[in-house]
2 protein chains.
Amino acid sequence: VTTLLVSHRYKEVFGNYIIETARSHGITLELAALPPGPEGRIDEATAARVEIGLFSSDVYPAFAKQYFSATRATTGLKWLHLFNTGVDHPVYASILQRGVRMTTSAGTTAEPIAQTAVAGLVMLARGFPRWLASQRERRWEPVPVNQWARDLRGQVVILYGVGNIGRQIARLARAFGFKIIGVDPVAVSCEHVDELHKPEELDRLLPGCDWLVLACPLTKETRGSINARIIGQLPRGAGIINVARGEIIDEPALVNALQSGHLGKAYLDVFTTEPLPADSPLWSMRDVIITPHGAANAGGNEARVNALFLDNLSRWTRGEPLINEITSL
Amino acid sequence: VTTLLVSHRYKEVFGNYIIETARSHGITLELAALPPGPEGRIDEATAARVEIGLFSSDVYPAFAKQYFSATRATTGLKWLHLFNTGVDHPVYASILQRGVRMTTSAGTTAEPIAQTAVAGLVMLARGFPRWLASQRERRWEPVPVNQWARDLRGQVVILYGVGNIGRQIARLARAFGFKIIGVDPVAVSCEHVDELHKPEELDRLLPGCDWLVLACPLTKETRGSINARIIGQLPRGAGIINVARGEIIDEPALVNALQSGHLGKAYLDVFTTEPLPADSPLWSMRDVIITPHGAANAGGNEARVNALFLDNLSRWTRGEPLINEITSL
């Protein structure tokens, strides 16, 4: 019997499914469910049996703290599977340091994130914020012909990061006619970009682009990398899309550039401080679209995470390499 | 010398370009520009010389009446080229009845219209109206996991009309994973749809779709065709996108279905009465996006219309068939 730590809701919704599917792979699972509510704890005897942890989307963000303190109590924890992709939070480094193996669900939300990012890009590029502002005031205000949105076809997107998410963004944005210039420190090819460059080339590339789209992980290298100097090299009126991590952008520099009009448009799903404070000027800027770190939200995510977890569980049992294993942070 | 009737603005912006390009094709053009302002008229001697008319986007809607009364004064008018695609307005039938040949710019705005339609579709399908409502109140409100938007991949779009615009909508929506069922009275194939059916099949198809997207011309057959009975066959919560003509939908039936919750979402660019009256309930419905008949607006339209007009002008001069000629209405 292998004991798996899950959330209360996860056990209720998916418990039987996970147990039965694991059984069909020859694995006998026992679920240790974290009781509901912020004070919920698992008892010591159960904690001692837990071998595997599954950090599911319903735990984030409200119960993440409680979940991770439960994992600290699981002295025999060997492997933790995460519903998410980004492992920039310090808790993950500390889990690795304990000798616990860790796998992410990278790829399972790439498509919804890319769909949301490209929705934001096209909303801005086609001029929806102006139309929506008129709608709120019940005013029919056709845009004068000399202010019509520029053709999307031929506009240049610099796509910073061509991993699972970036590749899907490239594919979708290219269907709309955008030219995609990928920038990535490691990728050597990407099916859907028109050009692929190293980050060292950014300085040369930025003045010729219309949109900067961030789809990279938060790392030592990317933290704060989109700073006032980089933003200053974008042409006046350019747009920024961030579905990666807020900390990649120097947020005060972003706010300044939007306020001065140097940047013309932004779609932001992630912020340096989340929840984005109510007094942030970003909330109420013309041509700035804000979503609450929800670009990935999609009804099929849990099924995709479950399928990936069960695949990894079967690999774990057979001693094979795990998919999406993180070995250093 | 061939005399071409254009708007004042058109002559100022494109006059030299059109004259020079025509000259390179061996055609000598004289431009008769309608003076600015609603009272502007061309003199009788000029009107008598006009052989060709070019109805440009800047004339619509404010100066359309003035333009068409000028064409009535042009006794020798032989050919009228239109910037637009839809020729449902009665003025066009009366022009044909005068024996004037008429060509449209069908195809020149297909891509921007499709981009806008799919932007509206994806905004609704990913749940942007809810996020935007939170943003307006500066509130960070993540959507609970059990209310996340359904996966786009696999949702079914019934696309009514697979002409220039419909084909582009199919191509873009399919990139997002939607399954596309085309419905068209005449098309026998379409590259980007998963299935293609005749309108007689609608009754059978509607209960299985998530979205009804209208991209057909307004004709005797389509006028009022999306009525209470058709809407009633859509599953509860389905969405409607209309970038075609308002009169295709029975608008009171649409309003009823949105108010009752039978329809869950709509993106509407066109209406039975335009401007949409300020007291229309459509303006302020949750999950209804309104744009002011601007889906086609794009900076490159005029260049595409000019290129098409010049191609047709060269054909006209050589006595060859014209592109997009309308021979009956």
Side-chain angles (χ1 to χ4, degrees), chain A residues 9 57-58 61 111-112 115-116 118-120 122-123 125-128 131-132 134-154 171-172 174-177 274-280 283-284 288-295 297-303, chain B residues 9 57-58 61 111-112 115-116 118-120 122-123 125-128 131-132 134-154 171-172 174-177 274-280 283-284 288-295 297-303:
Chain A
R9 175 182 170 279
S57 57
D58 54 299
E111 190 160 55
Q115 289 165 341
T116 315
V118 174
V122 177
M123 282 167 72
R126 291 296 298 138
F128 270 90
W131 285 328
L132 295 171
S134 295
Q135 181 181 353
R136 283 198 294 280
E137 302 179 4
R138 311 174 78 88
R139 286 192 285 130
W140 180 272
E141 300 179 308
V143 176
V145 63
N146 60 345
Q147 294 170 37
W148 284 1
R150 287 167 51 213
D151 280 4
L152 273 50
R153 187 160 293 279
R171 183 178 67 79
L172 289 173
R174 216 182 188 193
F176 283 89
E274 295 179 8
L276 180 66
D279 63 357
S280 167
W283 284 112
S284 55
V288 173
I289 298 169
I290 304 288
T291 55
H293 201 144
N297 300 359
N301 292 354
E302 290 188 315
Chain B
R9 174 183 171 279
S57 56
D58 53 299
E111 191 161 56
Q115 289 164 341
T116 314
V118 174
V122 177
M123 283 168 70
R126 291 295 300 134
F128 270 90
W131 285 328
L132 295 171
S134 296
Q135 179 182 353
R136 283 198 294 279
E137 300 179 4
R138 311 176 79 89
R139 286 192 285 130
W140 181 271
E141 299 179 308
V143 176
V145 64
N146 60 347
Q147 294 171 39
W148 285 2
R150 288 167 50 212
D151 281 4
L152 272 50
R153 188 161 292 280
R171 183 178 66 80
L172 290 173
R174 216 182 187 193
F176 283 88
E274 296 179 8
L276 180 65
D279 63 357
S280 167
W283 284 112
S284 54
V288 173
I289 298 169
I290 304 287
T291 55
H293 201 144
N297 299 358
N301 292 354
E302 289 188 316

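A, B, ... follow the sequence lines: proteins, then strands. Residue 1 opens every chain. In this text, all values refer to a predicted model and were calculated from it rather than measured experimentally.
- Heavy atoms of B:R150 lying under 4.5 Å from chain A belong exclusively to its backbone.
- In terms of non-hydrogen atom pairs under 4.5 Å with chain B, the most contact-rich of A:R9, A:E141, A:M123, A:Q147 is A:M123.
- The side-chain contact (heavy atoms from CB on, under 4.5 Å) test with B:W283 is passed by exactly one of A:E137, A:Q135, A:R139, A:R136: A:Q135.
- Ranked by heavy-atom pairs under 4.5 Å with chain B, the list A:A149, A:P144, A:P277 is led by A:A149.
- Looking at residues two or more places apart in sequence or on another chain, you find a salt bridge (charged side-chain N to carboxylate O under 4.0 Å, His left out) between A:R153 and B:E111.
- Using a 4.5 Å cut-off between heavy atoms, B:I290 touches chain A through backbone and side chain atoms alike.
- Only the backbone of B:A295 comes within contact range of chain A, judged by heavy atoms closer than 4.5 Å.
- Among A:P292, A:G154, A:G299, A:G294, the residue with the largest count of heavy-atom pairs under 4.5 Å with chain B is A:P292.
- Between the B:R138 side chain and the A:S280 main chain, a donor and an acceptor come within less than 3.5 Å of each other.
- Side-chain atoms of B:T291 and A:R126, non-hydrogen and from C-beta on, never get closer than 4.5 Å to each other.
- The side-chain contact (heavy atoms from CB on, under 4.5 Å) test applied to B:P275 returns A:W140, not counting sequence neighbours.
- Proximity to chain B is limited to the side chain of A:L132, based on heavy atoms less than 4.5 angstrom apart.
- For chain A, the nearby part of B:E302 is the side chain; its heavy atoms alone come within less than 4.5 Å.
- Closest approach of A:A119 to B:F128, counting heavy atoms only: CB-CE1, 3.7 Å.
- When all heavy atoms are compared, the tightest approach of A:D151 to B:A298 is OD1-CB, 3.4 Å.
- Contact annotation for A:V145: only side-chain heavy atoms (C-beta onward) come within less than 4.5 Å of a heavy atom of chain B.
- Contacts between B:D279 and chain A at a heavy-atom distance below 4.5 Å involve the backbone alone (N, CA, C, O).
- Each of B:I289, B:N301, B:V122 has some count of heavy-atom pairs under 4.5 Å with chain A, and the biggest count is that of B:I289.
- Options B:V143, B:L152, B:D58 differ in how many heavy-atom pairs under 4.5 Å they form with chain A, and the most are formed by B:L152.
- Put simply, the side chain of A:S57 reaches to within 4.5 Å of the side chain of B:W148, judged on heavy atoms.
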